[in-house]
Every structure is written in C-alpha cells, then in structure tokens.
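Note that this is a predicted model, so its numbers are computed, not measured.
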Amino acid sequence: MARTKEAVPAGDDVAPVNEVRLVGRVSGEAVVRELPSGDPVCSVRLVVDRAGSVTGSRQRVDTFDCSAWSARTRRTVSRWSPGDVVEVRGAVRRRFFRQGAAASSRVEIEVAEARLIRRAASA
C-alpha cells in the first residue's frame, strides 16, 4: 500500500491526538463505585455496531468499557438504562490498579462528554 504525503504527515509539527466518539447501545446498568482513593467513578459498557466489515472478520459489534469521572458525566451516565442509544466523547486510557497482591491494567474510554440519543423501547 503506497503512502501519500497527505496520509503520513512529516516532521515534528504533528500534535498527538487521543479523541474518541462512540455511538452505541448501553449493554447493562451503569455502576457507580468508589475507588480506594475515594474518587467516585461511573462505569458502563457500550455495544457499537461495526459500520463496515473487516476482511475475514465475522465480528459485527465491538464492546467498550467507559468510565465517567466528573460529577456531570457521572450524573448523565448513571441515568442510562440497558438498550439506550447514547453518544460518548472522550479518550482511550490505560488505567493501572492493584487487585490484591497483583498489579493489573485495563483499557477504557474516559468519558468527557455524554448524551442520551434515544431511550430503549419499553416492553
């Protein structure tokens, strides 16, 4: 695959970017918990349909763990219900923590903005 000048910026004048926008369905209840540090966080999982297929892949959806840290985004996310269609904007983060004696990490979306697009259909 040939690379063009437009596809690969040259030099040090390119600023790093870590921005994510996801639109998907909430897969379960949002969970608000307090970390050992005392910081509250609201976590939710989004299921996002794949718009295009990747060659050879049968995967039709991707799931993303999302964490809301600010009071405003925690309030918004905590009101969501399974099946709601929502939009989140934020950044990909790798968070390190201890579980017992072992160190662990996880990759998640750190939510900076969140909004409800459509409530789940009632049964």
Evaluate the side chain to side chain contact (heavy atoms under 4.5 Å, CB included) criterion for residues Ile117 and Val86: first the C-alpha distance (whole Å), next the side-chain angles of each, then the deciding distance (0.1 Å), finally the verdict. CA-CA 5 Å; Ile117 295 175; Val86 300; 5.7 Å; no

For Val92, does its backbone N or O pair with a side-chain atom of Asn18 as donor and acceptor, under 3.5 Å? yes

Under 4.5 Å side-chain heavy-atom separation, chaining through any Ile, Leu, Val, Met, Phe, Trp or Tyr, what else clusters with Val47? Say none if it is isolated. Val61

Search all heavy atoms of Glu29 against all heavy atoms of Trp80 and return the closest pair with its distance. OE1-O, 4.3 Å

So do the side chains of Arg115 and Thr76 get within less than 4.5 Å of each other, counting heavy atoms only? no

Closest approach of Gln99 and Ser104, non-hydrogen atoms and distance? OE1-OG, 3.5 Å

Over all atoms of both residues, closest heavy-atom pair of Ala120 and Gly83: CB-C, 3.5 Å

Heavy atoms from other residues, nucleotides or ligands near CZ of Arg95 exceed 12 (cutoff 6.0 Å): yes

Expected output: side-chain Arg25 to main-chain Val85 donor-acceptor under 3.5 Å: no

Between Asp84 and Arg119 the two heavy atoms that sit nearest each other are OD2-NH1, 2.6 Å

Assigning hydrophobic clusters by single linkage (Ile, Leu, Val, Met, Phe, Trp, Tyr; side-chain heavy-atom cutoff under 4.5 Å), is Val44 placed with Val20? yes

Closest non-hydrogen atoms of Ala114 and Val77, given as atom of the first, atom of the second and distance, are CB-CG2, 4.0 Å

Measure across Cys66 and Val111 and return the closest heavy-atom pair with its distance rounded to 0.1 Å. CB-CG2, 3.8 Å

Quick one: does Glu87's side chain get under 4.5 Å of Arg21's, heavy atoms only? yes

Do Glu108 and Arg106 have side chains that approach each other closer than 4.5 Å (heavy atoms only, starting at C-beta)? yes

So Leu46 and Val26, do their side chains get closer than 4.5 Å, heavy atoms only? yes

Arg33 side chain near Val41 side chain, heavy-atom distance below 4.5 Å: yes

Do Arg45 and Ser27 get their side chains close enough for a donor-acceptor pair, meaning under 3.5 Å? no

Would Phe96 end up clustered with Leu35 when hydrophobic side chains under 4.5 Å apart are linked, directly or stepwise? no

